[in-house]
Amino acid sequence: MSHDHTHEHDHGDHPYQPDIEDFPFTERMVMTQAVAELIVEKGICTADELRQQIELMDSREPGLGAKLVAKAWADPAYKARVLEDVGKAAAEIGIDIGDIPIKAIENTGDVHNVVVCTLCSCYPRMLIGLPPDWYKSRAYRSRTVKEPRKVLEEFGTHIPDDVEVRVHDSTADLRYIVLPARPAGTEDWDEHKLAQLITRDSMVGVTPAKSPEDL
Amino acid sequence: MTIRRHHDMGGLDAGPVETTEHDYAMWEKRVDAIVKVLSTPDRKLLSTDELRRGIEELGPGVYDELSYYERWISSATNLLLEKGVITVDELGTKMAEVEARWIKDREAAE
């Protein structure tokens with residue numbers, strides 16, 4: 001994890017320097033810096049706002065989604081509220097999902113759900129952070145809607161023939177989070193322990209939740 | 001034959017999914033932040049749909065050559081130019097300034 005630290009340096013007349021790891025820089029990195037400085041100089045936003053936005057996204061990680069899913073597993077009434085309205089249910093546990101609605105879809109013994117964004121990269125970022133590279137890749141975007149079982153196999157996930165696979169194509173206005181199926185053998189587990197089973201990939205639907213033996 | 005634009009790739013054939021990933025670099029996080037901050041309801045200088053339109057207009061060659069956040073900053077910058085929020089001259093001058101500063105910083109760091 002070489003890039004998860006933040007060290008922006010203020011140097012008086014310019015808002016920040018690039019990280020030393022960003023060298024050698026590319027034209028688009030220069031463009032990014034130039035645009036950031038221009039919008040600050042023009043008073044469109046402040047350097048602090050840009051920093052705060054970066055910090056907000058840094059604070060978004062799969063642990064938040066895992067907390068929501070674990071509570072849904074442990075509390076059927078809460079699960080019903082999650083399926084009804086993720087935003088409201090997330091707010092109950094102190095998570096603000098922002099303006100773009102997220103819909104929860106539940107994996108069961110009969111149905112396995114998987115999420116893609118064929119047109120770009122829409123993703124429930126406020127609940128599980130920014131998407132991994134593969135989610136934005138041509139291969140995943142193209143093939144998931146056509147041959148989902150084969151794509152899932154590439155993630156090591158085999159879905160039996162008698163289980164229906166449903167693919168959900170996200171849009172700029174609606175994103176999805178998968179509620180993975182609760183693994184057997186976790187009946188007496190509390191939410192905290194359950195949350196350790198819930199991975200980012202399981203909330204995208206490319207893998208199941210971990211099983212107790214995986215911990 | 002269906003006519004489809006380059007970004008509209010759902011259902012096409014492609015190679016296996018490479019499940020490798022990288023940690024986001026600070027400059028990529030900064031692109032993300034610029035776009036989000038410019039999209040806030042009180043500013044509305046950019047919208048997700050506009051950003052996507054800008055990315056789609058990069059055309060097949062550029063689209064595939066650029067990395068994800070390179071596409072984003074290219075689109076966002078084009079939109080800001082298109083809307084007159086910044087001018088080509090301002091951008092060119094600032095980019096030259098940033099580049100000169102970074103070269104100096106790099107030399108100082110070595």
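In the text below, chain A, chain B and the rest are named by the order of the sequence lines, each starting its count at 1.
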* Quick one: pull up CD1 in B:Ile34 and CE in A:Met31 and give me the separation to the nearest 0.5 Å. => 11.0 Å
* To do: Return yes when atom CG of B:Asp64 has more than 12 non-hydrogen atoms of other residues, nucleotides or ligands closer than 6.0 Å, and no otherwise.
  => yes
* Report yes if the side chains of B:Thr19 and A:Glu154 come closer than 4.5 Å at any heavy-atom pair, otherwise no. => no
* To do: Show the numbers, then the answer: is there a side-chain contact (heavy atoms from CB on, under 4.5 Å) between B:Glu28 and A:Leu130?
  => CA-CA 11 Å; B:Glu28 295 176 297; A:Leu130 294 172; over 6 Å; no
* To do: Before giving the answer on side-chain contact (heavy atoms from CB on, under 4.5 Å), spell out for B:Leu12 and A:Arg141 the whole-Å C-alpha distance, their side-chain angles and the decisive distance to 0.1 Å.
  => CA-CA 9 Å; B:Leu12 297 178; A:Arg141 288 167 53 193; over 6 Å; no
* **Over all atoms of both residues, closest heavy-atom pair of B:Ala33 and A:Gln53** => CA-CG, 3.5 Å
* Expected output: side-chain A:Arg138 to main-chain B:Met9 donor-acceptor under 3.5 Å -> no
* Structure fact -> Note: B:Tyr69 and A:Lys136 closest approach over all heavy atoms is CE1-NZ, 4.2 Å
* To do: Kindly indicate whether the side chain of B:Lys29, heavy atoms from C-beta on, has any atom under 4.5 Å from the side chain of A:Met57.
  => no
* Asked: So which part of A:Glu27 gets closer than 4.5 Å to some heavy atom of chain B, the side chain, the backbone, both or neither?
  -> both
* Asked: About how many Å separate OG1 of A:Thr32 and CD of B:Glu70, when rounded to the nearest 0.5 Å?
  -> 8.5 Å
* So do A:Met29 and B:Trp102 actually touch side chain to side chain, heavy atoms under 4.5 Å? -> yes
* Asked: A:Val206, A:Val116, A:Leu119: which one forms the most heavy-atom pairs within less than 4.5 Å of chain B?
  -> A:Leu119
* To do: Determine whether more than 12 heavy atoms belonging to other residues, nucleotides or ligands lie under 6.0 Å from atom NZ of A:Lys88.
  => no
* To do: Among B:Ile86, B:Leu45, B:Asp8, B:Thr48, single out the residue with the greatest number of heavy-atom pairs under 4.5 Å to chain A.
  => B:Ile86
* To do: Over all heavy atoms of both residues, which pair between B:Ser74 and A:Arg28 is shortest? Give the atoms and the distance, please.
  => OG-NE, 2.9 Å
* Do you know the tightest heavy-atom contact between B:Gly11 and A:Val145? -> N-CG2, 3.1 Å
* **Contact class of A:Pro131 relative to chain B, heavy atoms under 4.5 angstrom** => both
* Asked: Considering only heavy atoms, which portion of A:Cys45 lies under 4.5 Å from any heavy atom of chain B: side chain, backbone, both, or neither?
  -> both
* Asked: Is chain A contacted by the side chain of B:Glu18, its backbone, both, or neither, given a heavy-atom distance below 4.5 Å?
  -> backbone
* Structure fact -> So CD1 of A:Ile54 and CZ of B:Arg30: to nearest 0.5 Å the spacing works out to 5.5 Å
* Could you tell me the separation between the CE atom of B:Met95 and the CG atom of A:Leu38, rounded to the nearest 0.5 Å? => 10.5 Å
* Asked: Relative to chain A, which segment of B:Ser67 carries a heavy atom at a distance below 4.5 Å: side chain, backbone, both, or neither?
  -> neither
* Identify which of A:Thr118, A:Asp133, A:Ile44, A:Ile39 forms the greatest number of heavy-atom pairs closer than 4.5 Å to chain B. => A:Asp133
* Asked: If you take all heavy atoms of B:Arg52 and A:Cys120, which pair is closest and at what distance?
  -> CD-SG, 3.3 Å
* Asked: Are there more than 12 heavy atoms of other residues, nucleotides or ligands under 6.0 Å from atom NZ of A:Lys150?
  -> no
* Go through A:Gln52, A:Arg125, A:Glu147 and name the one with the most non-hydrogen pairs under 4.5 angstrom from chain B. => A:Arg125
* Asked: Given that the side chain runs from C-beta out, which part of A:Val30 has a heavy atom under 4.5 Å from chain B: side chain, backbone, both or neither?
  -> both
* **Option that, when pairs with chain B are counted at under 4.5 Å, heavy atom only, ranks first among A:Ser121, A:Ser142, A:Ala139** => A:Ser142
* To do: Compare all side-chain heavy atoms of B:Trp27 with those of A:Gln33 and state whether any distance is below 4.5 angstrom.
  => no
* Near A:Asp214 CG, under 6.0 Å, is it more than 12 heavy atoms from other residues, nucleotides or ligands? -> yes
* **Nearest heavy atoms of A:Arg143 and B:Ala14, plus distance in Å** => CD-O, 2.9 Å
* Start with the C-alpha gap between B:Glu90 and A:Glu41, add the side-chain angles, then the distance that decides, and say whether side-chain contact (heavy atoms from CB on, under 4.5 Å) holds. => CA-CA 11 Å; B:Glu90 286 170 336; A:Glu41 283 167 18; over 6 Å; no
